[in-house]
2 protein chains.
Amino acid sequence: MTLPTPDRAEIVRRLIHPRAIAVIGASADLAKVNGRPLKHLLHKGYKGRILPVNPKYREIAGLPCFPSIAALPDNVDLAVIAVPARDVIASVEALGARGVRAAVIFSSGFGEMGPAGAVLEQSLAERARACGVLLCGPNCLGFINAFEHVYATFSQYADGETGPGPIAFVTQSGAFGTAIAALTRQRGLGLGYFINTGNEVDLGFSELMLAVIEDPRIRVAAGYLEGLEDGAALVRLAQRCQVLGKPLVLTKVGRMAAGARAAASHTGALAVEDAVFDAVIRQYGVLRARNEEQMLDMLEALSQPRVASGSGLGIATQSGGAGVMMADRAEEVGLQVAELAETTRARLAEVIPAFGAAGNPVDVTGQFVARPELLSESMVALLDDPNVHVGIVWLQLMLAHVDTLVNIFSDIHARTTKPFFVCWVAAPEAAVARLRAMGIVVYGAGERAVEAASALVQYHASRRRAAEPTTELSPVYALPNGPFAGGVQPSVLATSWLRAAGIPMAEVALARDADQAVTLWRSAGAPVALKIESPDITHKTEVGGVLLNLDAEAAIRRAFRTLMDDASKAMPQARLDGVLVQTMAQGHLELVIGARRDPVFGMIVMVGLGGVLVEVLKDVAFRRAPFTVPEALRMLGELRMGAMLDGVRGRPPVDRQVLARMLSDLSYWVAAMHASLQELDLNPVLVGIEGPIAVDCVMVLRPYHAGKG
Amino acid sequence: MTLPTPDRAEIVRRLIHPRAIAVIGASADLAKVNGRPLKHLLHKGYKGRILPVNPKYREIAGLPCFPSIAALPDNVDLAVIAVPARDVIASVEALGARGVRAAVIFSSGFGEMGPAGAVLEQSLAERARACGVLLCGPNCLGFINAFEHVYATFSQYADGETGPGPIAFVTQSGAFGTAIAALTRQRGLGLGYFINTGNEVDLGFSELMLAVIEDPRIRVAAGYLEGLEDGAALVRLAQRCQVLGKPLVLTKVGRMAAGARAAASHTGALAVEDAVFDAVIRQYGVLRARNEEQMLDMLEALSQPRVASGSGLGIATQSGGAGVMMADRAEEVGLQVAELAETTRARLAEVIPAFGAAGNPVDVTGQFVARPELLSESMVALLDDPNVHVGIVWLQLMLAHVDTLVNIFSDIHARTTKPFFVCWVAAPEAAVARLRAMGIVVYGAGERAVEAASALVQYHASRRRAAEPTTELSPVYALPNGPFAGGVQPSVLATSWLRAAGIPMAEVALARDADQAVTLWRSAGAPVALKIESPDITHKTEVGGVLLNLDAEAAIRRAFRTLMDDASKAMPQARLDGVLVQTMAQGHLELVIGARRDPVFGMIVMVGLGGVLVEVLKDVAFRRAPFTVPEALRMLGELRMGAMLDGVRGRPPVDRQVLARMLSDLSYWVAAMHASLQELDLNPVLVGIEGPIAVDCVMVLRPYHAGKG
């Protein structure tokens with residue numbers, strides 16, 4: 001029995017906001033895993049009913065203890081299961097029978113335990129579905145809803161102060177997630193929700209985050225991922241966050257080959273290719289934090305409400321060197337160290353002593369101890385500048401001047417509306433706490449402040465992009481009708497389909513014999529290329545299957561025979577349809593454009609600079625299909641060798657707009673064909689002054705799937 | 001009067017270890033800049049004489065105050081000058097007259113104050129030289145010798161605990177340097193020396209560091225740089241550190257264009273090109289820290305005495321995800337996540353519960369709370385593995401188990417000899433302090449622990465390299481004899497010089513008329529290239545001055561005329577010597593090799609992948625000349641597109657050894673010619689299966705310098 005979606009959403013809502021919580025296998029020792037939820041629920045002020053279940057006890061910590069699940073009262077919205085793995089399924093079945101619709105399973109001994117555990121986990125999933133019980137876990141630390149004091153967890157994090165705050169944090173890892181939660185607390189940033197999803201046998205990362213992100217008390221979503229199976233759900237989450245205007249920050253491990261191997265062995269989850277993951281989440285406005293420190297830095301910047309309406313950075317420091325370091329980092333992370341307006345420079349010149357630098361970064365020098373207004377006046381002047389969108393003040397130590405400085409920053413805060421961060425190296429802890437209590441963001445290292453500013457700027461840029469009107473293209477052309485024969489499609493057919501969709505494809509025709517080849521060459525009236533055509537040969541050049549620049553009858557006839565003979569020799573089993581005849585295309589730049597079915601995110605379009613560059617430098621960019629022309633332009637902007645598009649060594653520049661249109665058109669086509677398309681490879685795409693043209697096309701369809709259209 | 005070197009070194013030694021210190025312009029207010037040195041000298045236990053000088057006072061803080069410099073007693077090794085800028089020169093002159101040979105000048109108002117200040121600074125330098133007084137500063141915070149309690153400083157850093165330790169820290173920036181010093185203290189790492197060099201009118205970074213690095217109590221040298229004028233002094237320092245076996249860690253700001261601009265405006269120091277700086281310091285075994293956090297992380301790793309004899313990393317964690325993240329970072333920073341020996345895997349399988357991963361990273365899971373031996377036994381097993389050279393243990397929180405964990409780490413420390421780091425996220429402060437007191441290195445974030453491990457591994461690798469026998473080549477061939485005519489050298493001459501030095505150069509001959517060109521083509525017996533030859537044309541292709549693949553008399557004659565005519569038209573003033581005739585060279589890969597005179601480091605050799613790659617990707621590597629073949633191999637290893645050397649798309653690999661030999665030979669030649677050579681450009685160098693050959697050579701000599709020979 002699969003629950004209908006609205007019902008499911010409501011059950012998840014009650015799981016997170018339960019009226020009553022049963023703890024199955026509750027211990028009277030409140031320090032143990034199966035006692036800790038009781039302790040926290042009791043001591044941290046949960047207002048609903050707490051219902052321990054254990055036949056060994058009559059009461060625990062003053063609460064009546066139930067002998068069995070069957071004995072539970074009505075309206076239990078959540079059960080915490082803390083029994084040995086072998087007893088979990090029976091508990092779930094009993095919960096289903098009693099009408100309890102959601103459970104958090106602490107117990108380990110499932111998928112993480114190898115094949116036997118995986119079998120048990122599969123049974124658990126099936127039985128829970130059959131009984132209509134939604135599961136979080138197994139092998140998880142559970143969750144905290146800090147607003148309603150719901151502590152369905154045994155995480156160490158719950159042992160300390162867990163006052164609620166504007167961040168919802170969902171983590172696939174218990175231990176690392178607990179570490180991040182503890183760091184959040186150290187920063188004075190409160191978690192409204194802390195959820196560890198464990199093995200995700202049922203409820204996964206995206207569905208749980210989707211449930212809590214709706215809470216108006218939540219302003220920022222943060223997630224820690226190790227693997228991902230349902231890319232579409234993550235995209236839905238990201239899109240919902242965009243609609244709600246709440247940033248989503250993700251850390252995902254397994255960026256490199258070594259890490260991905262370790263991740264696969266650790267979680268058993270499908271290892272999504274990191275470059276694809278990275279591209280797709282950014283496409284939907286998600287911020288990626290490379291590690292827990294960067295995540296915390298981003299969360300602090302994103303938890304404050306001020307908006308960065310551009311990428312101009314203003315820096316005021318007490319140390320020229322620190323200013324230089326921050327300016328360097330700003331350039332690396334895509335911020336502009338803003339050129340100041342003349343009026344701003346004049347204002348700064350009034351307040352800054354002669355030996356400071358009145359440009360940006362502003363160096364107020366050590367004189368600001370004697371004249372604190374130096375710092376506040378210059379920061380306010382910077383933030384008033386139209387080219388400055390976010391400010392950073394850098395200082396160090398100043399243990400003897402804490403009150404003065406706190407007042408200065410409070411003054412700046414009161415007099416400005418743009419975001420600004422204090423970067424205070426080796427700061428007194430009390431000062432940091434006072435500033436944070438006033439809503440002022442504080443960092444302890446200059447580069448980290450700059451990176452956080454960049455995250456804030458990126459987030460607000462993605463907000464503006466999301467608000468732009470998009471010209472969503474629904475294809476007006478006819479899509480090919482299925483059902484299709486699976487496998488490699490005939491080049492002439494594939495080319496005609498793509499031409500119909502507006503993709504610039506070189507004309508190609510099939511010659512079944514040498515006479516036809518000669519006729520086609522004559523009608524072309526120009527030099528042609530001949531290429532072997534076979535559904536069994538996808539890499540024509542590898543069998544010597546391409547001959548270029550033929551422009552005489554004898555050469556055409558010889559080429560036809562050579563191609564057919566060589567292909568027969570190289571691949572005797574290959575079915576040879578004949579030889580393709582194609583006018584030689586012009587272009588001074590070679591691209592590779594492709595599409596493939598990603599197991600996590602579905603149809604992905606790729607563009608890369610061709611030839612040796614794509615092989616050695618792996619200079620490619622990805623997007624999930626479909627996407628708009630502006631998104632395709634950003635995609636082109638990600639190519640490291642993108643300068644080649646703009647003309648080097650006297651070559652003319654490429655029209656990026658036309659190329660982006662081609663990528664976007666292709667993305668809509670592959671999205672529309674997603675049910676049938678397995679893989680598409682346009683390689684090479686030659687780009688000349690007349691625009692791009694694909695001169696070779698390998699299209700593979702999935703067998704036995706009807707195309708939509 | 002320039003002091004002879006031994007005398008100078010002795011004066012510097014006394015400056016740092018003074019028997020008596022005079023404070024010129026001393027204040028009775030010990031909180032002021034000119035009172036703070038007295039306070040610290042008095043309260044922190046300086047054993048020498050403290051001699052305040054100020055006509056306004058008879059005594060300060062119980063010390064007799066001298067009315068003038070002239071009234072000072074003998075044997076004053078150091079004067080601290082804290083008077084207004086306009087009075088500094090008079091003080092220096094008086095010190096010279098009284099026989100005080102060294103001064104630290106706090107006063108600002110010099111080079112950092114624009115043109116007027118620069119003039120004053122120039123006078124100060126000249127007067128000090130004339131009086132025989134060595135200067136540190138001006139515009140500096142002074143220095144601390146914590147071993148002998150010398151506090152010739154007004155830095156805030158001196159206000160707290162400043163117990164000595166094994167690190168010598170020299171900084172060009174006062175404010176940033178103070179911040180780094182404070183962070184060092186926070187880590188429990190002691191500074192033996194803290195020196196701020198300020199405007200470096202006399203004593204610079206390298207000379208002061210050279211003086212303190214000799215102290216046997218110092219184990220690690222750390223420096224913060226904003227600019228650099230004397231590259232040779234920095235190289236001498238780095239080489240001395242290698243001899244002494246003490247790591248040198250440098251942070252230099254101004255990595256990017258924006259930062260370099262800001263640095264130039266800030267310090268007025270010569271902005272060394274960052275890529276050259278980076279390459280040269282690594283060449284001499286210096287570690288570069290990108291910011292203050294990374295510097296601190298490196299210092300902590302390098303202050304412990306254990307040696308990493310390879311790059312294999314062993315990781316034990318409580319969280320699979322943290323292991324994955326660290327494995328990723330290890331791969332990025334050049335460490336190997338070690339493949340474990342069979343015996344190690346067997347040992348691990350004995351101690352690790354079934355649901356942990358017994359590979360590397362080892363995931364001991366949360367079970368180690370119940371069984372602490374899981375962590376210690378697996379770390380010891382890892383460190384016993386021959387493929388593991390450094391270990392990291394990762395854990396988080398565990399507030400309730402501090403004693404147990406401290407004991408575990410102490411146990412691991414006692415049972416092993418290889419370096420291992422504890423990475424404890426959100427650790428209790430007391431635990432961190434206890435571990436550090438035991439000499440155990442502790443970090444708070446996984447990636448940072450990995451980066452620090454990489455620094456340790458790099459350092460010990462550079463130690464092993466430095467210990468390798470080098471085959472220092474003194475050129476056995478005859479160097480060209482000067483004096484030379486400055487400017488562009490004739491191609492035939494330049495080619496012959498380089499051929500004599502063993503550099504593979506394509507044969508080239510000059511034809512002064514078409515008949516000579518034909519004769520040269522005939523004697524070549526193969527297709528030739530013709531190129532215009534003129535001392536005024538360095539970029540031949542830009543004037544259409546190169547014609548390739550000529551193999552017929554008529555073509556040769558036509559080409560000769562075309563080249564001469566086109567060059568006359570393009571550059572009517574150019575002196576045309578004739579046309580070069582050169583056999584067409586073969587090669588499937590194009591390199592650029594060059595040498596140029598860097599204003600900071602002298603002769604620098606560059607190699608890059610040619611054509612569009614060098615233009616767009618700036619894929620070049622630098623070394624200071626001369627260097628050995630192994631160093632040239634490392635240089636080639638730095639090319640991002642270096643995979644192209646090993647053959648892509650079916651091309652044969654290039655013999656890196658031969659290429660490295662060419663680079664090394666060239667480096668010895670340019671080093672020997674450094675007095676005369678301005679610039680050398682071999683572009684392109686074609687590389688084929690028979691090795692590299694330079695087919696074009698532009699050599700520019702400096703006018704009026706005699707060559708060494």
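Below, chains carry the letters A, B, ... as their sequence lines are ordered, and counting in each starts from 1.
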If I take atom [atom1] from residue [X] and atom [atom2] from residue [Y], how far apart are they, to the nearest 0.5 angstrom?
X: B:Met325; Y: A:Thr251; atom1: CE; atom2: OG1; value: 5.5 Å
X: B:Asp328; Y: A:Asn291; atom1: CG; atom2: CG; value: 11.0 Å
X: A:Ser319; Y: B:Ile180; atom1: OG; atom2: CD1; value: 9.0 Å
X: A:Glu293; Y: B:Glu293; atom1: CD; atom2: CD; value: 6.5 Å

If I compare all heavy atoms of [X] with all of [Y], which pair ends up nearest, and what's the gap?
X: B:Gly254; Y: A:Val324; answer: N-CG1, 3.2 Å
X: B:Ala175; Y: A:Trp394; answer: O-CH2, 4.3 Å
X: A:Val425; Y: B:Ala179; answer: CG1-CB, 3.7 Å
X: B:Val253; Y: A:Gly321; answer: CG1-O, 3.6 Å
X: B:Gly446; Y: A:Glu292; answer: N-OE2, 3.7 Å

For this session: Would you mind telling me which of B:Gly444, B:Ala322, B:Ala400 has the largest number of heavy-atom pairs within less than 4.5 Å of chain A?
Result: B:Ala322
Exercise. Can you tell which of B:Arg185, B:Met326, B:Met398 has the highest number of heavy-atom pairs within less than 4.5 Å of chain A?
Worked result: B:Met398
Exercise. Just wondering, are more than 12 heavy atoms of other shown residues or ligands nearer than 6.0 Å to CD in A:Glu339?
Worked result: no
In the structure I gave you, are the side-chain heavy atoms of [X] and [Y] within less than 4.5 Å of one another anywhere?
X: B:Arg290; Y: A:Glu447; value: yes
X: A:Gln318; Y: B:Phe176; value: no
X: B:Gln396; Y: A:Gln156; value: yes

For this session: Check whether A:Leu399 gets within reach of chain B through its side chain, its backbone, both or neither, counting any heavy atom under 4.5 Å.
Result: backbone
